[in-house]
Each structure stands twice: as C-alpha cells, then as structure tokens.
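Working notes for the structure below.
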Amino acid sequence: MILCANFKANKTRQETRAYMAVVESFVSANDITDTIIVFPPFTALDHDPRNVLIGVQNGYPVQNGAYTGEIALEQLEEFGIKTILIGHSERRHIIGETQEQIAAKFRFFAEEGFAIVYCVGEPLEIREEGNNALMRYIEAQFEGIDLSYPDLIIAYEPVWAIGTGLTPSNRDIELIYGALRAKTKAPLLYGGSVKVDNAGEIMALNNVDGVLVGSASLSAHDFCEMIAQAAELKK
Ligand code: PGA
C-alpha cells in the first residue's frame, strides 16, 4: 500500500517538523512496510526523512532560470527531493495548468528519475454524463503521459470528491479502477475525501493500491490511524 499526505498550502515549517516526528515514530514503532509519502509546502522541505518519503506538490520543469515565483530542479535537489505530485486537480482547475504544460512537467521529471504521483479525475458534469464520458475525460488527461514509466503512481481523484465529504460508491470505484488497471501496471491510488472512517474500506477494494489524503491527513493522529488500517489489510 502507498499512503500519501497532501498538505496543500497548510502547515508551517515548525508544524511540519512536529508532524513528521509523530508519523516517523509511528512508522518505526509499528514496523510499517507500506510506502508513506508526505507532500508538505515548499517552505517545509528541510527535513531529513527516516522512514517516510518527502515529495513536492509541484515543480517547474527546468534546471534553474528566469521563472519568477517558481521552484526548479536545482532547488529541489538541494533538499534531496525525488518525488513529485503532477496534475493535481487544484493545479488544473484553480491555477489553470493545461494538459500540455502538465505533460511537459511529467517528461522533465521522468527524465530526472523522479517518482511521479500523477493525478487524474473528472468534474461532476462529466461524471453525470456516464461512464464512457468519464473514461474519455481521463483518457485525455493521459495525453503525453508515459503510462509505462517505472516510477509512476496514478492517483484517481474525482474533482467533486475533493474536500467535499463526497466519495463515489465502492462499485463505481472498482469499475474505474478495473478500466485503469487495463491501461497501466502503475500502482493506483484513490483520493477525494478519504478519512479514518472510509480509508480501510477504500484500500480494501480491488485494484486500489493506496490513498492520497488531503484534509484528513493534516492530523498526524488520523494519518497514522490510516497507516494502521493499511497495515492490517496486508494487501
Ligand atoms: P481531500 O483532498 O482529502 O481533502 O479531499 C484530496 C486531494 O486533493 O489530494
């Protein structure tokens, strides 16, 4: 299982330090063998991880240069970062990243050997059009993405489920993951309103290899509880 905590624009450097201390002690005290990845904000990357990976929520696909406000490879390398989140719906829909920009980012960081957590997911109006429309939409989000990249992890996160408390039915999740599994061997994560109450059930579904957690991951206690649930599944 792979469990990711996406802090988004939450937590200070000090809060992240305290959080990592709790999660890292939990992982070592319980001999957790699942992969745990925390994505803090850029300001909180100065951490020497022990048994938890630290990734970034974004990065600009250049070595360095005149790109005001961006963080490029050179700055990430200083912190030993080798894991990146690409294609998150908040970057697609709030920041306005296009599929072309996302694919360029993917190519750059894949060439640099990063582990890439690549996010896809449909808005509600597409979901309401039915399964064919949904799969066509996701298909378009795979444009320019090498689905056989060995360090690829895919996170399916329906836009309407992110931060809303809504989740697709287990049957719908299994349907989509069956279709995704036919396209790629990459581990498949579910994201969108995952919490302590539903994480175990979702992780137990066919073809689901883990979760990408936003708001509920902000509590170290809750995130550890989800890690414990994954360990119990022994999937
Ligand atoms: P959420 O966010 O868990 O708060 O719904 C998930 C995500 O955006 O990765």
Side-chain angles (χ1 to χ4, degrees), residues 1-11 15-16 19 23 34-42 44 52-59 81 83-97 99 102 105-106 109 114-124 126-127 134 137-138 141-142 145 152-170 172-173 176-177 180 186-205 208-230:
M1 283 279 139
I2 301 170
L3 291 94
C4 302
N6 176 14
F7 286 3
K8 310 188 179 184
N10 293 296
K11 292 204 189 287
E15 286 166 348
T16 303
Y19 182 98
V23 175
D34 298 294
T35 302
I36 314 299
I37 314 174
V38 175
F39 295 91
F42 284 129
V52 171
L53 287 166
I54 301 273
V56 279
Q57 301 168 22
N58 186 33
I81 300 296
T83 307
I84 187 166
L85 202 62
I86 294 180
H88 191 279
S89 83
E90 283 152 13
R91 297 212 56 87
R92 292 179 190 267
H93 299 288
I94 301 175
I95 314 290
E97 279 186 14
Q99 186 59 29
I102 289 168
K105 218 173 254 195
F106 185 96
F109 286 102
F114 273 57
I116 298 177
V117 179
Y118 184 70
C119 306
V120 295
E122 82 291 352
L124 190 56
I126 300 292
R127 154 77 50 160
L134 194 162
Y137 190 90
I138 305 236
Q141 294 182 319
F142 285 144
I145 305 301
L152 171 65
I153 298 168
I154 291 175
Y156 168 69
E157 303 197 293
V159 178
W160 52 271
I162 295 177
T164 58
L166 302 171
T167 50
S169 68
N170 289 348
D172 282 346
I173 296 180
I176 291 158
Y177 281 75
L180 291 174
L188 302 174
L189 312 185
Y190 171 79
S193 295
V194 175
K195 332 180 180 32
V196 170
D197 290 353
N198 60 11
E201 193 183 327
I202 290 172
M203 287 187 287
L205 296 173
V208 175
D209 303 305
V211 284
L212 172 52
V213 193
S215 37
S217 75
L218 295 176
S219 151
H221 173 270
D222 284 9
F223 191 51
C224 289
E225 181 59 39
M226 292 183 238
I227 296 171
Q229 291 176 3

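What you are looking at is a predicted structure, and each value in this text was computed from that prediction instead of being measured. Order of listing sets the numbers, starting from 1, for every ligand and every atom in it.
Side chain of K11 to main chain of L218: a donor-acceptor pair is present (N/O by atom type, distance under 3.5 Å, no hydrogens or angles).
Using cut-offs of 30° and 60° for the angle between ring planes, the F7 and Y19 rings count as perpendicular.
Annotation: side chain of T164 is in contact with side chain of S193 (closest heavy-atom distance under 4.5 Å). Within the 4.5 Å cutoff, side-chain heavy atoms of L180 are placed close to those of I138. In this structure, the side chains of L3 and M203 come closer than 4.5 Å at one or more pairs of heavy atoms.
Listed by chain and residue number, the protein contacts of ligand 1 are N6, K8, H88, E157, A161, I162, G163, G192, S193, L212, V213, G214, S215 (heavy atom within 4.0 angstrom).
In this structure, the side chain to side chain donor-acceptor pair (under 3.5 Å) partners of Q99, at least two apart in sequence or on a different chain, are R92, Y118.
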